[in-house]
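Below you'll find the structure, written out as structure tokens, and then a few comments.
Position 1 is the first residue of the sequence, and the numbers go up from there.
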Amino acid sequence: MTKIKKKGGNGVSLGTLLALVVLCVLIAIATPNFLKYANIMGILKQTTFNALVAVGMLLCLITAGIDLSVGANAIFCSCIMGMMIQKGITNGWLMLIVAIVAGTVVGWINGMLLTRLHLPHPFVSTLGMKNVLWGGALLVTGSQMVNNFPEEVTWLGSKVIGATAWGGILVKIPFVGKLLSGIPIGFLLVILLYIGMHIFLTKTALGRSIYCVGGNPEAARLSGIHSANVLTFCYTLSGLMAALAGIVSVGRSGICNGTMAIQPYDTDAIAACIIGGASFMGGKGTMAGTMVGALIIGVLRNGFSLLSFSSAHQNVVLGLVIILAVFMDVVRERMEAKARRMAAASSVK
């Protein structure tokens with residue numbers, strides 16, 4: 001009996017990298033400001049939010065699920081900290097702990113709704129949770145914008161390596177010091193997190209179980225994998241990543257605003273994952289591919305700003321990008337299914 005080896009999921013496709021390079025070249029030709037160092041660092045800072053929520057989204061997509069509440073959860077967590085400011089609580093570390101716990105609990109509830117209450121699909125439960133969190137973000141702050149957050153809360157989204165004590169040592173390194181000096185701390189966290197998540201997904205039993213649950217649920221069941229626990233873990237981790245993204249958003253803007261919970265952060269995260277090689281069918285997706293996908297979305301949004309695209313044009317183009325990404329996913333699935341059928345037919349002969 002011939003085994004059909006599934007394509008490995010440890011890296012990023014050459015086509016996705018090429019798309020990022022071509023996009024950068026086109027925008028650089030259209031506007032010379034794109035290649036300025038400050039603008040490149042701005043793209044990295046802008047990408048940080050989407051890259052964080054895309055981590056949780058990727059895990060949900062690998063399990064053939066989805067989490068439409070990630071963006072609203074991030075804003076809700078930022079508004080929880082804003083509520084604490086309104087109540088006179090100014091301990092930054094306490095605010096961070098409360099925000100992280102709140103986001104994680106929301107993710108755990110999403111997982112429980114799917115695995116314990118057996119709602120038909122996470123699309124339903126997480127879409128409902130998105131609206132709950134949108135309303136909750138407005139309620140906890142009284143529909144007001146809140147500012148004056150302590151430095152412990154804002155540094156992750158606002159500081160760069162050169163502005164920190166340990167970063168001051170790094171920038172003194174010959175040749176690379178100037179390059180390192182402007183890198184946002186938040187994006188450095190993303191790089192470390194993506195490396196850690198790559199190792200987790202590819203080298204640990206739980207990471208491999210996540211792929212198995214999404215790619216072949218029946219095989220997962222026969223292997224003794226407790227799918228409900230795996231799914232709950234994925235959605236809980238998605239909530240944690242959303243909380244971190246909410247903390248970064250406060251550092252970037254200096255405020256929390258409950259009305260931002262309705263923004264399409266979830267679609268940006270989905271697009272980053274699908275562009276990076278994940279599939280709605282489950283069982284696929286890599287951290288490296290998702291990182292490149294998030295950078296593509298960040299470069300697109302930055303190019304829109306530099307070229308003074310209206311919000312209407314931006315929405316049209318980004319919508320088309322998402323449709324194209326989903327179409328590519330469908331075509332990829334059909335081609336791989338055809339290849340498997342041909343391999344199975346040849347093995348019979």
Side-chain angles (χ1 to χ4, degrees), residues 52-81 83 96-140 193 197 200-201 204-247 258 261-262 265-267 269-270 273 278-283 285:
L52 285 172
V53 295
V55 173
M57 185 67 74
L58 176 63
L59 264 64
C60 295
L61 287 172
I62 291 174
T63 62
I66 198 169
D67 188 354
L68 297 178
S69 68
V70 286
N73 194 4
I75 301 303
F76 175 74
C77 292
S78 70
C79 288
I80 287 289
M81 294 189 292
M83 178 192 68
L96 290 174
I97 292 172
V98 170
I100 290 173
V101 170
T104 304
V105 169
V106 169
W108 176 79
I109 292 173
N110 281 334
M112 297 297 285
L113 289 174
L114 175 64
T115 61
R116 266 59 180 186
L117 294 185
H118 303 292
L119 294 186
H121 193 276
F123 180 93
V124 177
S125 55
T126 59
L127 180 60
M129 183 61 74
K130 176 179 180 176
N131 284 276
V132 170
L133 295 172
W134 180 23
L138 294 171
L139 286 173
V140 296
L193 179 64
M197 286 300 299
F200 165 74
L201 287 174
T204 68
L206 179 54
R208 290 190 292 269
S209 295
I210 293 172
Y211 282 103
C212 189
V213 168
N216 195 330
E218 181 62 19
R221 185 185 67 82
L222 295 175
S223 300
I225 297 173
H226 200 302
S227 298
N229 289 345
V230 172
L231 291 171
T232 302
F233 170 81
C234 290
Y235 285 89
T236 302
L237 186 62
S238 180
L240 172 61
M241 293 299 105
L244 292 177
I247 294 169
I262 199 61
Y265 300 122
D266 48 353
T267 56
I270 293 170
C273 295
S279 171
F280 284 113
M281 307 302 176

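There is no side-chain donor-acceptor pair under 3.5 Å between N110 and S238.
Proximity of a side-chain donor or acceptor of S223 to a complementary backbone N or O of I225 within less than 3.5 Å is not detected.
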query: Yes or no on side chain to side chain contact (heavy atoms under 4.5 Å, CB included) for F200 and L206, after CA distance, side-chain angles and deciding distance?
result: CA-CA 8 Å; F200 165 74; L206 179 54; 3.7 Å; yes
task: Show the numbers, then the answer: is there a side chain to side chain contact (heavy atoms under 4.5 Å, CB included) between I66 and F280?
output: CA-CA 8 Å; I66 198 169; F280 284 113; 4.2 Å; yes
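Side-chain contact check for D67 versus M129: every heavy-atom pair is 4.5 Å or farther apart. With contacts defined as side-chain heavy-atom distances shorter than 4.5 Å, the pair L113/Y235 does not qualify. No side-chain heavy atom of V213 sits less than 4.5 Å from a side-chain heavy atom of I62.
The two residues A99 and C77 come nearest to each other via the heavy atoms O-SG, 3.4 Å. Nearest heavy-atom pair across G65 and P122 is CA-CG, 3.7 Å. Across every non-hydrogen atom of M57 and D266, the tightest pair is CE-O, 3.8 Å. Closest approach of E218 to R221, counting heavy atoms only: OE2-NH2, 2.5 Å. Heavy-atom minimum distance, V53 versus A245: CG1-CB, 3.6 Å. Across all their heavy atoms, L58 and A278 have their closest contact at CD1-CB, 3.8 Å.
L59 contributes atom CG, which lies 4.5 Å from atom CD1 of I210 (distance to the nearest 0.5 angstrom). Annotation: the span from S125 atom OG to K130 atom NZ amounts to 13.5 Å, rounded to 0.5 Å. Atom-to-atom distance recorded for L237:CG and C60:SG is 8.5 Å, nearest 0.5 angstrom. Taken to the nearest 0.5 Å, the CD1 atom of I109 stands 10.5 Å off from the CG atom of L117. In this structure, OG1 on T126 lies 10.5 Å from CG on N131, to the nearest 0.5 angstrom. The distance from atom OG1 of T104 to atom CE of M241, rounded to the nearest 0.5 Å, is 8.0 Å.
Checked options L240, L244, V70; the residue passing with L52 is L244 (criterion: side-chain contact (heavy atoms from CB on, under 4.5 Å)).
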